[in-house]
Amino acid sequence: MILMKDVYKTYPNGVTALNGINIDIKQGEFVYIVGPSGAGKSTFVKLMYREVGATSGSIIINDIDMSELKERKVPFLRRDIGVIFQDFKLLPKLSVYENIAYALEVIEESPRNIRKRVMDVLDLVGLKNKARFIPDELSGGEQQRVSIARAIVNHPKMVIADEPTGNLDPDTSWGIMRVFEEINAKGTTIIMATHSKDIVNTIKKRVIAVEDGMIVRDEHRGEYGYEV
Ligand SMILES: Nc1ncnc2c1ncn2[C@@H]1O[C@H](COP(=O)(O)OP(=O)(O)OP(=O)(O)O)[C@@H](O)[C@H]1O
Ligand SMILES: [Mg+2]
């Protein structure tokens, strides 16, 4: 599913963000990525959906070897990956419905299928009644739930979330976590970079701690209490 061997990443400005990463994440796992600011968490997850490429080392995602993946084939990799950001990245002029449908239209679904899938996913995140709203008319938590709906509407094999609750109040964050647990229970792999001690210590899952571009701890679910 996600296999990295001796992965290094140095950005063009000379900063080395990842310093020898080795990891094996299986389909269906729920994994937190934790560590201080600048540790390399975002860079680590960006390698998984080919937002950045490795400087050296081997990366296999969903059986695809990243070193052999041509740029024009990247959209095929991304079909199986839903990505969620801290700042939502919704299209401001489109309604909630359209923001989600857009993800399906680009892969040429039939209009009828699109409607059913968008409404099903809006139901899952509890926003069926706000389908016609535009992002500006929603709270931060609601906007984040739209971005989750958009990320999962294609039924991706994995969801990568980079600080999805970073801008949200605690109650809303727990709501977002419930949605993640629900889609994880259906078999979707969840990779979530977070600074939230509360979440990591309450909803116990595998924890990968990154510091100075290296994995310093990798603890499977519930084995230890974890202090972020
Ligand atoms: N596009 C880029 N170009 C150059 N350097 C970068 C780039 N993106 C990140 N870096 C550097 O790589 C290092 C790791 O950054 P990264 O964003 O992966 O950290 P992070 O753990 O996600 O931090 P945070 O918790 O603040 O989000 C930092 O030193 C950062 O300055
Ligand atoms: Mg980051």
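Positions are given from 1, in the same order as the sequence printed here. Start at 1 and go down the list; that is how both ligands and their atoms are numbered.
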Query raised in the report: Are any side-chain N or O atoms of D162 and backbone N or O atoms of A193, one a donor and one an acceptor, separated by less than 3.5 Å?
Result: no

Query raised in the report: Side chain of K41, backbone of M192: donor and acceptor closer than 3.5 Å?
Result: no

Query raised in the report: Any Lys/Arg nitrogen of E71 or R50 sitting under 4.0 Å from an Asp/Glu carboxylate oxygen of the other?
Result: yes

Query raised in the report: Is ligand 1 less than 4.0 angstrom away from at least one heavy atom of H195?
Result: yes

Report summary line: Output for pair (I2 CD1, I25 CD1), nearest 0.5 Å, gives 4.5 Å

Query raised in the report: Would I152 and L138 show up in the same hydrophobic cluster when neighbours are defined by side-chain heavy atoms closer than 4.5 Å?
Result: yes

Query raised in the report: Is it the side chain, the backbone, both or neither of N13 that has a heavy atom closer than 4.0 Å to ligand 1?
Result: side chain

Query - Heavy-atom side-chain proximity of P135 to N99 below 4.5 angstrom - result: yes

Requested in this report: Measure from the side-chain N and O atoms of R217 to the backbone N and O of A209, and report whether any donor-acceptor pair falls under 3.5 Å.
Outcome: no

Requested in this report: Find all atoms of ligand 1 within a distance of less than 4.0 Å from any non-hydrogen atom belonging to S42, and give their numbers and elements.
Outcome: 17 (O), 18 (O), 20 (P), 22 (O), 27 (O)

Report task. Write out the residue and atom name of the closest protein heavy atom to atom 5 (N) of ligand 1, then the distance separating them to 0.1 Å. Result -> Y11 CD1, 3.3 Å

Query raised in the report: Which residue pairs pass the side-chain hydrogen bond (donor to acceptor under 3.5 Å, both in side chains) test with at least one member in residues 52-67, sequence neighbours excluded?
Result: D65-S67

Query raised in the report: Atoms of ligand 1 less than 4.0 Å from V15 heavy atoms?
Result: 11 (C), 12 (O), 29 (O)

Requested in this report: Using distance alone, decide if ligand 1 has a nitrogen or oxygen within less than 3.5 Å of any nitrogen or oxygen in G40.
Outcome: yes

Query raised in the report: Can you get from Y11 to Y8 by hopping between Ile, Leu, Val, Met, Phe, Trp and Tyr side chains that sit under 4.5 Å apart?
Result: no

Query raised in the report: Does the side chain of F44 reach to within under 4.5 Å of the side chain of M4, using non-hydrogen atoms?
Result: yes

Query raised in the report: Does the protein put a heavy atom under 4.0 Å from atom 30 (C) of ligand 1?
Result: no

Query - hydrophobic_cluster_shared for I64 and V74, side chain cutoff 4.5 Å - result: yes

Query raised in the report: CD1 of I100 to CG of L127: how many Å apart, nearest 0.5 Å?
Result: 7.5 Å

Query - Top protein contact for atom 16 (P) of ligand 1, by heavy-atom distance - result: T43 OG1, 3.7 Å

**Report entry** Nearest-neighbour protein heavy atom for atom 12 (O) of ligand 1, which is reported as residue plus atom name and distance
**Finding:** A17 CB, 3.4 Å

Requested in this report: Report the part of P12 in contact with ligand 1, treating N, CA, C, O as backbone and CB onward as side chain, heavy atoms under 4.0 Å; options are side chain, backbone, both, neither.
Outcome: neither

**Report entry** Contact atoms of ligand 1, heavy-atom distance to P36 under 4.0 Å
**Finding:** 21 (O)

Query - Whether N184 side chain and G28 backbone form a donor-acceptor pair below 3.5 Å - result: yes

**Report entry** N/O separation below 3.5 Å, G38 to ligand 1
**Finding:** yes

Query raised in the report: Counting no waters, how many protein N/O/S atoms sit under 2.8 Å from the Mg ion (ligand 2)?
Result: 1

Requested in this report: Would you mind listing which atoms of ligand 1 come within a distance below 4.0 Å of any non-hydrogen atom of E163?
Outcome: 25 (O), 27 (O)

Report task. Return yes when K46 approaches ligand 1 closer than 4.0 angstrom through a heavy atom, no otherwise. Result -> no

Query raised in the report: With a 4.0 Å cut-off, would you call K205 and E181 a salt bridge?
Result: yes

Query raised in the report: Should G35 be listed as contacting ligand 1, given a heavy-atom distance under 4.0 Å as the test?
Result: no

Report summary line: atom 26 (O) of ligand 1: closest protein heavy atom, distance to 0.1 Å, is S37 OG, 2.5 Å

